[in-house]
Amino acid sequence: MPAQRWRNLLVQALIAAGLLALLWWLLDATAANMRERGIRSGFDFLLEPAGFGIGESLLPFDSGDSALWALAAGLANTLRVALPAILISTLLGTLVGLGRLSPNLLLRKLCAAYVEALRNVPLLLQLLAWYFIVTDLLPAASKALQLAPHVFLSKSGLSVPWLGGDGGLIDLPQRGAMNISGGAAMTPEYLALLLGLSLYTAAFVAETVRAGIAAVPRGQSEAALALGLTRLQNFRLVLLPQALRGIIPPLTNQHLSLTKNASLAVAIGYPELVSVANTTLNQTGRAAECITLIMAVYLILSLLTAWLSAWLERRNGRWADHS
């Protein structure tokens with residue numbers, strides 16, 4: 001056994017060395033070809049002024065700021081839409097998934113229709129449809145729909161109360177003759193992207209939740225009910241801890257896919273990471289470097305998601321054992 005183990009380690013080390021050598025050869029050949037064609041290379045452009053503006057940015061940004069700060073602003077915009085969409089899609093998808101298991105025929109069919117309709121329509125088409133609805137079918141800001149007190153929806157987006165008013169109080173949106181002033185405003189691009197990502201991903205989350213719960217043997221529920229547990233206690237103490245073992249890994253994958261799908265925002269003009277990187281590429285001509293940075297960011301996000309999934313699985317295992 002020890003000899004076999006050392007042979008396996010040697011084979012793995014040789015494969016790893018071969019892959020590293022191949023990667024080095026590719027990078028060296030690419031750099032040589034770029035030098036022959038007079039194409040500049042390197043990441044020094046990141047410290048140079050970006051030379052362009054970002055129409056909507058969570059971080060303060062000016063065209064005189066560095067390209068690195070521009071990419072950071074693009075990443076912040078990506079997370080700004082991805083994190084709320086993850087929360088909304090998880091909550092909505094869980095409700096739809098539970099609805100698919102409901103004994104009520106009408107509710108079960110409606111949830112199934114939602115899942116089948118949204119899963120089978122390309123996300124890009126859904127984003128364009130939502131952007132059309134927000135920018136063309138909604139009324140102008142002067143005739144904005146009032147969804148709740150001081151919450152207005154119009155072609156200009158969604159205006160909601162926010163902190164930062166006079167005296168540190170809540171700043172309330174007010175509908176004027178021409179526009180809506182005050183509060184926090186979600187632009188049409190942001191709103192369309194948030195709706196599209198949330199509703200599309202919720203359909204996949206619903207199937208994940210439904211499959212996870214259906215995978216728990218029916219005898220578990222029957223035994224819990226026979227012991228006198230209520231249906232809520234049965235779900236919370238018996239079904240959910242076991243179902244989460246099958247739900248958490250694919251659910252975190254859906255969250256990661258949602259974050260990556262935010263790159264489709266370039267089609268509706270929302271300046272997320274890929275959109276800003278494309279503008280930087282056009283300004284500097286550093287295609288390989290910009291693409292490498294995008295790949296590195298998404299790789300880090302994937303690794304963080306994998307770590308989070310493993311941590312949640314361990315936590316759920318302890319919870320299930322405690323239950």
Side-chain angles (χ1 to χ4, degrees), residues 79 81-123 126 147-148 194-262 300-323:
L79 297 178
V81 71
L83 295 179
I86 286 173
L87 178 61
I88 295 171
S89 63
T90 301
L91 295 176
L92 178 60
T94 300
L95 293 176
V96 174
L98 294 175
R100 292 211 62 187
L101 298 171
S102 172
N104 186 294
L105 178 63
L106 178 60
L107 178 60
R108 191 166 67 248
K109 292 299 182 182
L110 287 175
C111 291
Y114 172 89
V115 170
E116 295 301 327
L118 271 77
R119 284 201 312 171
N120 292 297
V121 176
L123 176 58
Q126 294 187 41
L147 304 181
L194 179 64
L195 288 171
L197 290 175
S198 300
L199 297 179
Y200 178 76
T201 307
F204 291 89
V205 172
E207 282 299 275
T208 299
V209 172
R210 181 196 63 79
I213 295 176
V216 179
R218 187 168 181 175
Q220 297 286 321
S221 296
E222 293 174 349
L225 296 175
L227 290 173
L229 272 67
T230 64
R231 292 190 177 275
L232 180 59
Q233 289 174 328
N234 173 36
F235 177 77
R236 183 173 64 87
L237 299 176
V238 179
L239 283 179
L240 187 59
Q242 297 183 73
L244 284 176
R245 293 173 180 172
I247 290 175
I248 289 176
L251 181 61
T252 52
N253 285 339
Q254 292 301 330
H255 293 164
L256 180 60
S257 295
L258 183 152
T259 305
K260 294 177 180 178
N261 285 337
I300 293 172
L301 291 176
S302 299
L303 294 176
L304 288 175
T305 302
W307 174 84
L308 178 61
S309 177
W311 180 80
L312 289 175
E313 286 189 81
R314 290 195 298 270
R315 294 284 296 182
N316 176 64
R318 298 192 191 101
W319 179 33
D321 294 339
H322 178 73
S323 300

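Model, not experiment: these values are computed from the prediction.
Atom CG of N234 sits about 10.5 Å away from atom CG of L240, to the nearest 0.5 Å. Between the CG atom in L123 and the OG1 atom in T201 there is a gap of 7.0 Å [rounded to 0.5 Å]. The structure places OG of S89 at 8.0 Å from CG of L251, a figure rounded to the nearest 0.5 Å. The distance from atom OG1 of T90 to atom CD1 of I247, rounded to the nearest 0.5 Å, is 11.0 Å. Note that OG of S257 and CG of L197 are 11.0 Å apart. Values are rounded to the nearest 0.5 Å. For the atom pair NZ of K109 and CZ of R100, the computed distance is 8.5 Å after rounding to the nearest 0.5 Å.
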*Taking it one step at a time, do T259 and I86 satisfy side-chain contact (heavy atoms from CB on, under 4.5 Å)?*
CA-CA 8 Å; T259 305; I86 286 173; 4.1 Å; yes
*Mind running side-chain contact (heavy atoms from CB on, under 4.5 Å) on V238 and S221 for me, showing each step along the way?*
CA-CA 7 Å; V238 179; S221 296; 5.5 Å; no
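Residues R108 and S102 share a closest heavy-atom pair of NH1-O, 2.8 Å. In this structure, L258 and A82 approach most closely via the heavy-atom pair CD2-O, 3.7 Å. Considering every non-hydrogen atom in both L301 and T305, the closest pair reads O-OG1, 2.8 Å. Shortest non-hydrogen contact noted between A243 and G212 is CB-O, 3.5 Å.
Using modelled atom types, no side-chain atom of E207 and backbone atom of V115 make a donor-acceptor pair closer than 3.5 Å. A donor-acceptor contact shorter than 3.5 Å is absent between the side chain of Q220 and the backbone of P217.
Checked against ring pair (Phe, Tyr, Trp, His ring centres under 6.0 Å), Y200 has the following partners two or more places apart in sequence or in another chain: F204. Residues satisfying the side-chain contact (heavy atoms from CB on, under 4.5 Å) criterion with I88, sequence neighbours excluded, are L194, S198. Remark: L87 pairs with L91 by the side-chain contact (heavy atoms from CB on, under 4.5 Å) rule, at least two apart or across chains.
Inter-residue side-chain proximity for L98 and I213 is flagged as met; some heavy-atom pair is nearer than 4.5 Å.
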